[in-house]
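A short worksheet on the structure shown next.
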Amino acid sequence: MRIDPTMTAGMRVRMAPSPTGDIHIGNARTALMNYLMARQSGGTFILRVEDTDRERSDPQKEAGIYDGLRWLSLDWDEGPNVGGPYGPYRQSERHDVHREAIEALLASDAAYYDYTTAEERAAEREAQIARGQTPRYSGSGRSLTSAQIAERQAAGVVPAVRFTSGSGAVGFEDGVFGPLETDASEIEDFVIARGDGTALYNMAVVADDRSMAITHVVRGADHTSNTFRQVLLYHALGWEPPKFAHLPLLLNKRRQKLSKRDGSQWLGEYRAQGYLPEAVVNFMVFLGWSPGDERELFSLDELVAEFSLRRVNRADAVYDVQRLDHFNGVWLRRLDMNALAERALPFARDGGLSIDESQRDYFQQALALEQERIGHLSDVPDMMGFFFDDDLDPDVELMRFKRHDRAETAAALATVEGLVRELPEFTIGAIETMLRGLAERLGWKTGDLFMPIRIAVTGRRATPPLFETMAVLGRERCLVRLRRARAKLTE
RNA sequence: GGGGCAUUCGUCUAGCGGCCUAGGACACCGCCCUCUCAAGGCGGAGAUCGCGGGUUCGAAUCCCGCAUGCCCUACCA
């Protein structure tokens, strides 16, 4: 039976990232789906920082995780920074919980101290390979005599603790993949505690999920094999395992697990590149899930209502940035002007546009013209620069002079300048009437007249519609720019 | 090597025995709209449903084998 979220009120789910300073897109997608399940069941979304690998962990870096989650609006109910009844929420602070489980396993003989040395294990491994066998820990540490053990203790060997995996069917019902099973004899006796007494991943996760009363473990499919080990641990401890569900992995275009070489994959980078969290959420959820009909646009709230593990795909998904770009464009166009301005302003300023409060309204009018053209918020400074550049120095060669030469063009611009100066009302409609009228009097195709004006006034060939753009720029800016362009043409 | 899982247009996916001469979306191409660029509309191309066997009146859908890919196989997580 698959997990049916609607039937399981109050589920406790968790996201358990390593504190790497930022969230990987794959983890973000896992977090999203956990969040959706918690919210739709009226349950609890827990954040537990898995920092037991001291080499790679840095408590300072937790902030990056919080930032990323907050950016996506994935608020958590319990975690290192907000506390909760099942703390602590940092794995490194849960040593006692881990230790208790390890001792229980040792006491019941389900686990044993392994006094073999790394050299011995390496030698055993090589011997197996030499014999053409598959290298695998044989459990040799289990059969050491007490004399041998005493000798090693004297020699200063610190033992790890290994779990006796035994044999027999081990399995679980996966919320996405259905029933999964293997034989415990396929699993070697794995280490659950280091020589220094600290727990390793599989042990820590089991002890933590249990003690935090996690009801549903939803994580990446790279953990399905680990789940067998964990189920073994639950059984040996006499605990009922939680429900498990594994999500298909995210692959790059070469069908490999996403890595640093594949470009942006950290949430912070998406944010910096001007992606909207709404778009990232919408994109991520479709990596593995679909509603079953042809709808494609979903907000977080809509997903809370619609998402179901039952509709999650089993095949790994190849990440395609073009699709993300598409969603970004759609969500950018859906934003109302105030919201868009709020999001775009920081990018505009970071990109060098000096926009003070008095220009806020002007910025918003200009932005309205650009809205349907923005692909990423980071494009804003470049595409809107001409609105704020009072020393705009257009490259008149962009005018190209296909049908009318430089002199003719200069003359036309002079006429435009005069008309602009005398126009009673500098409005879109008035500008259009004026310019279309001029094109007709001149006998020019509208495009042939409008493009030089566009270049003069904006410095670029691709802009929002000319009349609107001129109206927003205002009469004075247009006059100055028209004059400057004409001067450049005649110099 | 062993174990686990997967395999529908380039990509994300719909499909859960007949509605499929396989649907949608992105990307691509063309046309329309048009002052440029977009957006939008319309249309096109693109999948013998990994391959081979079965089961069945009928299979993308069920079964078996093979191939390929991915994950696990650390005193990493």
Side-chain angles (χ1 to χ4, degrees), chain A residues 16-18 20 50-57 91 114 118 121 128-129 132-137 158-162 174 176-178 180-183 185-188 190-202 204-205 220-229 246 248-249 251 253-257 283 286-297 311 313-327 329-330 333 369-375 383 398 432 435-436 439 445-451 453-455 458 460-467 469:
Chain A
S18 295
T20 49
E50 306 217 323
D51 56 350
T52 53
D53 180 5
R54 277 106 89 181
E55 318 259 304
R56 300 201 304 228
S57 293
Q91 202 161 55
D114 178 10
R121 292 194 302 276
Q128 286 169 333
I129 292 171
Q133 298 174 340
T134 65
R136 163 150 139 72
Y137 177 71
V158 277
V161 178
R162 278 186 192 269
D174 192 284
V176 169
F177 289 87
L180 258 27
E181 193 182 270
T182 189
D183 196 283
S185 60
E186 298 295 345
I187 300 168
E188 64 180 18
F190 55 96
V191 176
I192 55 176
R194 299 181 176 90
D196 67 4
T198 57
L200 258 72
Y201 175 70
N202 285 118
V205 164
D222 47 344
H223 285 295
T224 44
S225 300
N226 282 326
T227 305
F228 292 121
R229 296 183 180 79
H246 292 90
L249 260 19
L251 270 27
K253 289 198 179 87
R254 297 169 60 198
R255 298 210 144 264
Q256 298 160 325
K257 212 172 158 184
F283 169 70
F286 270 91
L287 256 19
W289 175 86
S290 82
D293 52 38
E294 280 163 6
R295 289 171 299 160
E296 297 235 298
L297 243 43
R311 294 208 52 83
N313 224 34
R314 286 187 281 266
D316 293 342
V318 174
Y319 164 101
D320 178 17
V321 75
Q322 287 184 144
R323 196 167 162 79
L324 207 210
D325 287 342
H326 167 252
F327 278 122
V330 172
R333 272 171 252 127
L369 297 183
E370 300 283 12
Q371 182 165 25
E372 67 186 32
R373 273 159 269 267
I374 304 174
M383 62 197 300
L398 290 174
E432 172 161 15
L435 292 180
R436 286 194 189 284
K445 299 181 78 166
T446 50
D448 290 340
L449 176 63
F450 297 172
M451 185 52 82
I453 300 173
R454 167 176 286 109
I455 303 293
T458 71
R460 28 169 73 217
R461 291 185 68 87
T463 74
L466 223 213
F467 320 131
T469 303

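Throughout, a chain's letter reflects where its sequence line sits, starting with A, and its residues are numbered from 1. Excluded from the calculations below are hydrogen atoms, water molecules and symmetry mates; all remaining heavy atoms, backbone and side chain alike, are included. Being a predicted model, the structure only gives us computed values, none of them experimental.
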State, to 0.1 Å, how close [X] and [Y] come at their nearest heavy-atom pair, and which atoms those are.
| X | Y | value |
| --- | --- | --- |
| Tyr201(A) | His223(A) | OH-CE1, 2.9 Å |
| Gly288(A) | Pro248(A) | CA-CG, 4.3 Å |
| Asp183(A) | Ser185(A) | OD1-OG, 2.7 Å |

Stepwise side chain to side chain contact (heavy atoms under 4.5 Å, CB included) check, Val191(A) with Asp114(A): CA-CA 9 Å; Val191(A) 176; Asp114(A) 178 10; 5.7 Å; no
Looking at [X], does any N or O in its side chain come under 4.0 Å of the phosphate oxygens OP1/OP2 on [N]?
| X | N | result |
| --- | --- | --- |
| Arg162(A) | rC75(B) | yes |
| Ser18(A) | rA77(B) | no |
| Arg229(A) | rU73(B) | no |
| Asn313(A) | rA14(B) | yes |
| Arg314(A) | rU13(B) | no |
| Arg194(A) | rC76(B) | yes |

Where the side chain of [X] is defined as all heavy atoms beyond and including C-beta, which of [options] is the nearest nucleotide?
| X | options | answer |
| --- | --- | --- |
| His223(A) | rC70(B), rA77(B), rA27(B) | rA77(B) |
| Glu186(A) | rG2(B), rC12(B), rC75(B) | rG2(B) |
| Ala160(A) | rC35(B), rA77(B), rC75(B) | rC75(B) |
| Ala315(A) | rC35(B), rA6(B), rU11(B) | rA6(B) |

Ignoring hydrogens and angles, answer whether the base of [N] and the side-chain atoms of [X] contain a donor-acceptor pair closer than 3.5 Å.
| X | N | value |
| --- | --- | --- |
| Ser225(A) | rG3(B) | yes |
| Arg461(A) | rC37(B) | no |
| Arg373(A) | rA39(B) | no |
| Asp222(A) | rA77(B) | no |

Within the 3.5 Å criterion, strictly below it, is a donor on Arg454(A) or Thr458(A) matched to an acceptor on the partner's side chain? no
With a 4.0 Å cut-off on heavy atoms, is [X] in touch with a base, just the backbone sugar-phosphate, or nothing at all?
| X | answer |
| --- | --- |
| Arg121(A) | base |
| Gly220(A) | nothing |
| Leu200(A) | sugar-phosphate |
| Glu432(A) | nothing |

Comparing Thr182(A) and Phe283(A) on RNA chain B - which has the more 5′ nearest nucleotide: Thr182(A)
Quick check: on RNA chain B, is the nucleotide nearest Ala462(A) upstream (toward 5') of the one nearest His326(A), or the reverse? Name the residue that is more 5'. His326(A)
Mind calculating the distance between CG (Leu249(A)) and P (rC70(B)) to the nearest angstrom? 11 Å
Does [N] have a Watson-Crick or wobble partner in any strand here, with both distances under 3.5 angstrom, and which is it?
| N | value |
| --- | --- |
| rA14(B) | none |
| rU7(B) | rA67(B) |
| rC31(B) | rG41(B) |
| rC62(B) | rG54(B) |
| rC49(B) | none |

If the sugar-phosphate is the primed atoms plus P, OP1 and OP2 and the base is the rest, what is the B/S/- string for nucleotides 60-66 of chain B, using protein heavy atoms under 4.0 Å? -------
My understanding is that only one of Val176(A), Thr227(A), Asn226(A) makes a side chain to side chain contact (heavy atoms under 4.5 Å, CB included) with His246(A); could you say which? Thr227(A)
Run the ring pair (Phe, Tyr, Trp, His ring centres under 6.0 Å) test against His326(A) and tell me which residues pass, sequence neighbours left out. none
